[in-house]
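Encoded as structure tokens, the structure appears first; notes follow it.
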Number of protein chains: 2
Amino acid sequence: MPTPARTSLDEIVLAGRTILEADGIDGLTMQRVAATVGVRPPSLYKRVEGRTHLVRLIANDVVGELAETMDAAATSGDPRHDLRRLAHAFRAFAQANPNGYSLIFGQLDEAERADPELNARASAALLRTAAALAGPDYGLDAARTVVAWANGFVSMELSGAFRLGGDVDRAFAYGIDRLSSSISDGAPLPR
Amino acid sequence: MPTPARTSLDEIVLAGRTILEADGIDGLTMQRVAATVGVRPPSLYKRVEGRTHLVRLIANDVVGELAETMDAAATSGDPRHDLRRLAHAFRAFAQANPNGYSLIFGQLDEAERADPELNARASAALLRTAAALAGPDYGLDAARTVVAWANGFVSMELSGAFRLGGDVDRAFAYGIDRLSSSISDGAPLPR
DNA sequence: ACCTGAACACCGTTCAAGT
DNA sequence: ACCTGAACACCGTTCAAGT
């Protein structure tokens with residue numbers, strides 16, 4: 001005799017993401033998720049292989065949203081301007097979703113990480129813009145430099161690593177300005 | 001009737017760091033540590049407040065070693081040269097101690113992180129060198145830019161985030177060259 | 001077809017009892 | 001003074017039994 005479904009995969013992932021953002025990765029327990037969607041913990045295993053799988057599904061959800069955000073930020077046609085907007089959109093996303101951000105860029109087991117294709121989509125706009133600035137020969141190097149800086153800056157900011165005072169917003173603007181000009185094709189080469 | 005001590009705090013921290021490096025943060029259980037030092041789990045609590053405290057002690061150990069490594073890499077007197085050597089030393093340290101590195105720069109609860117003063121010592125050489133290059137007005141901004149880039153680059157490399165092929169070593173050299181020249185006082189300002 | 005209680009293995013941690 | 005077994009709370013996960 002069939003029992004009507006009391007929840008769904010989407011509801012589980014959404015509940016998981018909400019709990020993650022509220023209480024961090026350690027607060028994300030199967031019991032919390034089950035209670036949130038109104039079911040007992042064992043029932044979750046009808047829709048999800050286990051906690052590791054659920055974490056990956058949440059990471060996919062977050063990284064997909066990041067991809068949309070980034071795509072929407074790179075539409076001006078001026079790569080210089082786009083790069084600045086991309087950097088600011090990236091930082092704003094991380095500040096709005098700190099624990100979700102850590103899920104994407106933090107160190108996780110392979111099985112917990114978001115799908116590589118989704119990660120590629122999230123960085124596509126930055127790659128394209130950096131390549132437009134740096135030219136074909138150094139496009140990939142330039143993109144990696146910008147992504148590394150943005151990710152490092154934001155994760156240090158989120159973890160409270162900038163402890164020496166000063167204006168963190170100014171440091172961010174300084175960084176994107178210097179990077180933007182120094183990766184640009186035609187900029188003077190390093191002396 | 002006193003019982004002779006069968007282990008010590010130093011031995012516990014060393015065992016913890018060895019287990020961390022071998023099996024990651026999830027493999028670092030009180031049971032593993034206790035077995036390694038030849039004691040039952042409850043005995044650890046005579047020397048350590050709990051797992052959180054032990055993680056912090058290990059983080060302190062790692063960050064202290066990083067500080068020594070960095071200090072030793074910045075001795076040439078030429079800030080340009082020092083900056084390059086610092087970046088390479090930083091990356092080499094992370095590659096030699098990947099899980100220890102994640103303990104320092106990954107997202108952890110406040111109680112698990114290394115002492116702020118030790119973190120400051122580890123970044124002192126980079127700060128000093130970047131400030132020497134950028135001059136007093138932009139020293140802090142420049143240092144934050146370089147540290148953010150180095151940390152972001154290394155953590156992405158460790159987590160396997162550079163998936164588009166190409167030469168990662170070249171991207172690292174490219175990044176440090178561009179940063180070094182673009183933060184230097186007297187370099188052309190961003191256009 | 002989905003849900004549940006009971007059970008298991010494995011954690012961190014406490015504490016009274018041993019020496 | 002340090003060490004230990006026993007116990008507790010809390011995880012993730014499995015599974016036979018219910019509807």
Side-chain angles (χ1 to χ4, degrees), chain A residues 1-59 99 102-103 106-113, chain B residues 1-59 99 102-103 106-113:
Chain A
M1 201 82 69
T3 316
R6 246 164 258 187
T7 183
S8 68
L9 182 58
D10 281 357
E11 196 191 7
I12 289 170
V13 173
L14 178 60
R17 187 170 166 188
T18 305
I19 295 168
L20 169 75
E21 219 44 84
D23 291 337
I25 186 68
D26 288 340
L28 180 67
T29 69
M30 298 300 268
Q31 330 223 1
R32 277 288 303 273
V33 174
T36 304
V37 302
V39 107
R40 298 287 172 177
S43 298
L44 297 177
Y45 293 79
K46 280 280 154 178
R47 332 221 175 237
V48 155
E49 291 172 26
R51 186 179 181 277
T52 297
H53 183 210
L54 176 57
V55 169
R56 191 170 71 241
L57 292 175
I58 297 171
N99 288 321
S102 297
L103 213 58
Q107 69 288 358
L108 288 171
D109 299 329
E110 184 68 24
E112 287 181 319
R113 268 207 288 276
Chain B
M1 201 83 67
T3 314
R6 244 165 261 185
T7 184
S8 68
L9 182 58
D10 282 356
E11 196 190 8
I12 289 170
V13 173
L14 177 61
R17 187 168 164 187
T18 305
I19 294 168
L20 169 76
E21 219 44 85
D23 291 337
I25 187 69
D26 289 339
L28 180 68
T29 68
M30 298 301 268
Q31 330 223 1
R32 276 288 303 274
V33 174
T36 303
V37 303
V39 106
R40 299 286 173 178
S43 298
L44 297 176
Y45 293 79
K46 279 280 153 179
R47 332 220 175 239
V48 155
E49 291 171 26
R51 185 179 182 276
T52 296
H53 183 211
L54 176 56
V55 169
R56 192 170 69 240
L57 292 175
I58 296 171
N99 288 321
S102 297
L103 213 59
Q107 69 288 356
L108 288 172
D109 299 329
E110 185 67 26
E112 288 181 318
R113 268 206 289 276

Closest to side chain of Lys46(B), choosing from dC2(D), dC2(C), dT4(D): dC2(D)
Nucleotide paired to dG12(D) in any strand shown, Watson-Crick or G-U, under 3.5 Å: dC8(C)
Separation of atom CD1 in Ile12(B) from atom P in dG12(C), rounded to whole Å: 14 Å
Leu44(B) CG to dC11(C) P, straight-line distance once rounded to whole Å: 14 Å
Whole-Å gap separating C1' (dT13(C)) and CG (Leu54(B)): 14 Å
Candidates dC11(C), dT4(C), dT13(C) - which lies nearest the side chain of Thr29(B): dC11(C)
Any Arg32(A) side-chain nitrogen or oxygen under 4.0 Å from OP1 or OP2 of dC10(D): no
Residue Ala5(B), side-chain heavy atoms: nucleotide from dC2(C), dC2(D), dG12(D) that is nearest: dC2(D)
Nucleotide of dC11(D), dC2(C), dT4(D) approaching Val39(B) most closely (side-chain heavy atoms): dT4(D)
Between CG on residue Asp109(A) and OG1 on residue Thr52(A), distance to nearest 0.5 Å: 7.0 Å
Whole angstrom value for the distance that separates P of dT14(D) from CE of Met30(A): 10 Å
Spacing between Glu49(B) atom CD and dT14(C) atom P, to the nearest angstrom: 10 Å
Rounded distance in Å - CZ (Arg47(A)) to C1' (dT13(D)): 17 Å
Nearest-Å distance for atom pair NE2/C1', residues His53(A) and dT13(D): 16 Å
Heavy-atom side-chain contact between His53(B) and Glu112(B) under 4.5 Å: no
Considering all heavy atoms, the nearest Leu108(B)-Leu103(B) contact: CD1-O, 3.0 Å
Any donor-acceptor pair under 3.5 Å from Arg51(B) side chain to Leu28(B) backbone: yes
Phosphate OP1/OP2 of dC10(D): any Gln31(A) side-chain N/O under 4.0 Å: no
Nearest to side-chain heavy atoms of Pro42(B), which nucleotide of dT14(C), dG18(D), dT13(C): dT14(C)
Length of the line joining Asp26(B):CG and dC11(C):P, which is rounded to integer Å: 11 Å
For dA17(D), the Watson-Crick or wobble partner whose two distances fall under 3.5 Å: none
Given dT4(C), dC3(D), dG12(C), the nucleotide with the shortest approach to the side chain of Arg40(A): dT4(C)
Leu44(B) and Ile12(B): CA distance, side-chain angles, deciding distance, side chain to side chain contact (heavy atoms under 4.5 Å, CB included) verdict: CA-CA 8 Å; Leu44(B) 297 176; Ile12(B) 289 170; 3.7 Å; yes
Presence of Thr3(A) side-chain N/O under 4.0 Å of dA1(C) phosphate oxygens OP1/OP2: no
